[in-house]
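Each remark here refers to the structure printed beneath this line.
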Amino acid sequence: MAQDDFEEYFRSLNSKCNIDLENLQNPFLNPTFEKIKKLNIAAIMLNQVKINNHWYKKGDIIDGALIIEINKKDIVLQYDALNFKINFKTNDKINIY
């Protein structure tokens with residue numbers, strides 16, 4: 001009787017573990033972070049940065065990320081306790097500092 005219970009237990013586990021791996025979402029993918037990484041700086045002038053036709057300054061929030069620094073060639077954003085830079089490409093439009 002105990003062996004039958006054991007086999008039944010594993011059959012029930014096996015039926016619960018049928019997962020379609022094609023439909024699983026990556027648990028490490030953060031859509032907001034992916035969106036922030038793709039921000040394109042149109043201009044940096046004095047202490048402001050133009051992104052998506054809007055001007056931002058230090059302390060402003062864009063797509064959930066806090067602008068903590070604006071430099072000549074990049075900005076530093078803080079998102080989810082991580083700091084990262086977005087570089088201003090030299091062939092982009094305006095860079096006045």
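Just so it is clear, the model here is predicted, and its values are computed rather than measured. Note that these values count all heavy atoms, side chains included, but never hydrogens, waters or copies made by symmetry.
Contact check for Ile51 versus Ile75: side-chain heavy atoms found under the 4.5 Å cut-off. Side-chain contact check for Ile36 versus Leu77: some heavy-atom pair is nearer than 4.5 Å.
Residues in residues 51-80 take part in no ring-ring contact (aromatic ring centres under 6.0 Å, His included) pair, two or more places apart or across chains. A ring-ring contact (aromatic ring centres under 6.0 Å, His included) check over residues 30-53, counting only residues at least two apart or in different chains, returns the pairs Phe33-Phe84.
Separating the CD1 atom in Ile41 from the CG atom in Asn87 is a distance of 7.5 Å, to the nearest 0.5 Å. Atoms CD1 and CD, from Ile67 and Gln48 in turn, are 10.0 Å apart once rounded to the nearest 0.5 Å. Interatomic distance, CE of Met45 versus CD1 of Ile70, reported as 11.5 Å (0.5 Å rounding). With rounding to the nearest 0.5 Å, the separation of CG in Asn52 from CG in Asn40 is 8.0 Å. Atom CG in Asp63 sits 12.5 Å away from atom CD in Glu34 (nearest 0.5 Å).
What you find for Asn53 and Lys50 is that their closest heavy atoms are CA-CE, 3.8 Å. Nearest heavy atoms, Glu69 versus Lys58: N-CG, 4.5 Å. Ile44 approaches Asp74 most closely through the heavy-atom pair CD1-N, 4.0 Å.
Every side-chain contact (heavy atoms from CB on, under 4.5 Å) that Ile68 has, sequence neighbours left out, goes to Leu66, Val76, Gln78, Asn83.
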